[in-house]
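Worth saying up front: this structure is predicted, and the values here are computed from it rather than measured.
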Amino acid sequence: MASKDKKNRLKARLPRGFADRDAADIRAIDKMMEAIRAVYDRYGFDPAETPFIEYTDALGKFLPDQDRPNEGVFSFQDDDEQWLSLRYDLTAPLARQVAENFQDLVKPYRSYRAGWVFRNEKPGPGRFRQFLQFDADTVGAASVAADAEMAMMMADVVEAVGIERGDYVIRVNNRKVLDGVMEAIGIGGPEHLHTRLVVLRAIDKLDRLGVEGVRLLLGKGRKDESGDFTPGAGLSQKQISGVMALLEFEAFAFFARDADDGGVVRREPIQAAGVDHTGQIYTKPPDPNAAMLGFLGYLKDRGIDASNNDSLNTGFSELNEIASLIASAGYERRVVIDPSVVRGLEYYTGPVFEADLTFETVNEKGQKVVFGSVGGGGRYDGLVGRFGGVDVPATGFSIGVSRLAAALKNLGKLGDEAEAGPVVVTVMDRERIADYQKLATTLREAGIRAELYLGNPKNFGKQMQYADRRDAPCVVIQGSDERDRGVVQIKDLVEGKKKAAAIADNVEWREERPGQFEVPEREMVQAVSDLLKRQAGA
RNA sequence: GCGAACGUAGCUCAGUUGGUUAGAGCGUCGGAUUGUGGCUCCGAAGGUCGGUGGUUCGAAUCCACCCGUUCGUACCA
């Protein structure tokens, strides 16, 4: 019963950060997911699924020094007082699943999973509290070949959903390189954990804040336009120059492809120390020793000695190996090395990757939009080991399906082929509903989407209006006339609309019956399917 | 979380220095037209002016707080 009491009427409202999905969204996203799934299948990955809810400790999300889950994750207590949480990504549940079934899995275990994840954070445009991710992971492979494969598969996935080559780039970095540099400038120990996090966050903001913004964040801090002050890492000038070396050093241009070579979009040139460093684009297998030595020398010029730094050394050689694998597989134009990629702050232990869209579009409101990251991943060798037992090497990545869909929508590549509506069987004579139902059934049995008009049939015009709004390709009409003669009228709504364009007078419009023709009832299916074919071809 | 802007019908918006009964366009619904979509015409429904409290003879308008949206920033495990 509808409530007449307006004041206390229940208000229909959706919690912020959540969204309803309509038919067009669902169809478009299903199609995207299918395209992604096909890529993973082709690489030999198998599907897997875990539930939405895990024990909070399995997600690793307790506040330090408190027995309550971290904010940012939706949590509640079970009837036995144990904390449960909605998953906030698909990687932690995977680690749990692998640890729990370790004996039974064939290693390396290659799997993919898609699903909703939940984050209790401030939502915004394109940022939801429930969204879709689609992950692929290889567990039990320590080789960087597994990481290189991930990076290449990411490129394939982005292309599979309709982003063109050159409109995206997969950036690859190695956490060991970042760690090595931080170690070299003296913030390596456990007591500097916080500082390291601040440094990583600062580097992560290169795209948005530019070199100077990053520099400020590494030092004392930065005040934004609103006057809000963000405290920096408090590094010395020397330390800052060491970190900035990562972003400036021309040896990375050594990894970079020729900037004149089209097809890859790059970020704004970074001006630094006389180096015009355009784009961190990797192409040919570089000489790791030369790059390494060059970078060490660059640091040395700034008073930083990193010559015995294992992290840096390993990081460089891993990056080099990845670059070689990528080049020999022919992906060098799609996958690049970029020392500013940070990705997540906690569990990554080695190579990290990020898929970025590089084109700009305008949204419905005409505002310029750059989508940026639509997916990311990396190596997380410690995650499975948290559940006891030895560390298990693992690498994987995640595609942000919802964000990718938003990007495709702006590109006009999503949902532009709207599903045709059903054929509508109209009701001319309400005593004969059963006959009309049978017509609909006959069409369905032939595989044609069809429905019987179920509204009030008294005004035939309403039925036509309904069919029109449903995007019906045609309607089937059978009044007593037609029934007596064993025929049906088929009215092609698309054709009718075209023909009617010239008709201005309503009486003429109705008498003309544009697009309408008559066939014997037993030829209805054939006639309708011919019509559908005609429309599909047009 | 911090800062700012905004909040009037389903949507987009008008609403005078605080002054009768808050308007328009689009959309919705009904009718002209119960055997034919669009166009046209006629009519109707739809508002606690985001909420609460305050100032005032009087508040959509001024003030405070709250909620929501947007932008920037932080956070994003």
Tabulate below the donor-acceptor pairs under 3.5 Å that side-chain atoms of residues 434-441 of chain A make, not counting sequence neighbours, or state none.
| from | atom 1 | to | atom 2 | distance (Å) |
| --- | --- | --- | --- | --- |
| D435(A) | OD2 | R432(A) | NE | 2.9 |
| D435(A) | OD2 | R432(A) | NH2 | 3.4 |
| Y436(A) | OH | M428(A) | N | 3.3 |
| Y436(A) | OH | D429(A) | N | 3.1 |
| Y436(A) | OH | R432(A) | NH1 | 3.3 |
| Y436(A) | OH | Q478(A) | O | 2.7 |
| T441(A) | OG1 | Q437(A) | O | 3.0 |

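Less than 4.0 Å separates RNA chain B from no heavy atom of any residue of residues 89-97 of chain A.
G18(B) and C29(B) have their P atoms separated by 41 Å, with the value rounded to a whole Å. Distance noted for atom P between C71(B) and U12(B): 15 Å (whole Å). Separation of the C1' atoms belonging to G10(B) and A5(B) is 25 Å when rounded to the nearest angstrom. Between C2(B) and C75(B), the two P atoms lie 15 Å apart (nearest whole Å). For the C1' atoms, the distance from U36(B) to A32(B) is 16 Å, rounded to whole Å. A60(B) and C6(B) have their C1' atoms separated by 15 Å, given to the nearest Å. Across U69(B) and G23(B), the matching C1' atoms stand 24 Å from one another, rounded to whole Å. Spacing of P atoms, G50(B) relative to U61(B), comes out at 8 Å, to the nearest Å.
Distances shorter than 4.0 Å separate some side-chain N or O of R201(A) from OP1 or OP2 on C75(B). A sub-4.0 Å separation between OP1 or OP2 of C75(B) and a side-chain N or O of K205(A) is present. Phosphate proximity of U73(B) to R208(A): present, with a side-chain N or O under 4.0 Å from OP1 or OP2.
Remark: D22(A) engages A24(A), D25(A) in a side-chain contact (heavy atoms from CB on, under 4.5 Å) (not counting sequence neighbours). Applying the side-chain contact (heavy atoms from CB on, under 4.5 Å) criterion to W83(A), with sequence neighbours excluded, gives T56(A), F62(A), R68(A), P69(A), S75(A), Q77(A). Remark: Y88(A) pairs with no residue by the ring pair (Phe, Tyr, Trp, His ring centres under 6.0 Å) rule, at least two apart or across chains. Applying the salt bridge (charged side-chain N to carboxylate O under 4.0 Å, His left out) rule to E451(A) yields the partners R470(A); only residues at least two apart in sequence or on another chain are considered. Remark: F118(A) engages F52(A) in a ring pair (Phe, Tyr, Trp, His ring centres under 6.0 Å) (not counting sequence neighbours). Every side-chain contact (heavy atoms from CB on, under 4.5 Å) that E518(A) has, sequence neighbours left out, goes to R485(A), V487(A), Q489(A). Residues satisfying the salt bridge (charged side-chain N to carboxylate O under 4.0 Å, His left out) test with K491(A), not counting sequence neighbours, are none. When the salt bridge (charged side-chain N to carboxylate O under 4.0 Å, His left out) test is applied to K497(A), the partners found at least two apart in sequence or on another chain are D468(A).
Nucleotide G1(B) holds its P atom 10 Å from the CD atom of E71(A), rounded to whole Å. Distance, Y466(A) OH to G38(B) P: 15 Å, rounded to whole Å. Atom P of nucleotide C67(B) and atom CG of L14(A) are separated by 19 Å, given to the nearest angstrom. When rounded to the nearest whole Å, the span between CZ of F74(A) and P of A77(B) equals 16 Å. Residue R343(A) contributes atom CZ, which lies 13 Å from atom C1' of A77(B) at whole-angstrom precision. Note: CG (L217(A)) to C1' (C75(B)) measures 14 Å, nearest angstrom. For K122(A) and G68(B), the NZ to C1' distance is 13 Å, given to the nearest whole Å. Nucleotide C39(B) holds its P atom 19 Å from the NZ atom of K498(A), rounded to whole Å.
With the 3.5 Å cutoff on both pairing distances, Watson-Crick and G-U pairs in RNA chain B assemble into runs of at least 3 at B:1-7 with B:67-73, B:10-13 with B:23-26, B:28-32 with B:40-44, B:50-54 with B:62-66.
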- request: Encode nucleotides 31-37 of chain B as B, S and - characters from 5' to 3', where the letter depends on protein heavy atoms closer than 4.0 Å: B to the base, S only to sugar-phosphate, - to neither.
  value: S-BBBBB
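In this structure, R522(A) places its CZ atom where only 12 or fewer heavy-atom neighbours from other residues, nucleotides or ligands lie under 6.0 Å away.
Base contact: Y88(A) has a heavy atom under 4.0 Å from a base atom. Within 4.0 Å of R127(A), counting heavy atoms only, lies at least one base atom of the nucleic acid.
Ring planes of Y112(A) and F134(A): tilted class, angle from 30 to 60°.
The line from CG of L357(A) to CG of L404(A) is 6.5 Å long, rounded to the nearest 0.5 Å. Summarising the geometry, atom CD belonging to E495(A) is positioned 14.0 Å from atom CD1 belonging to I490(A); distances are rounded to the nearest 0.5 Å.
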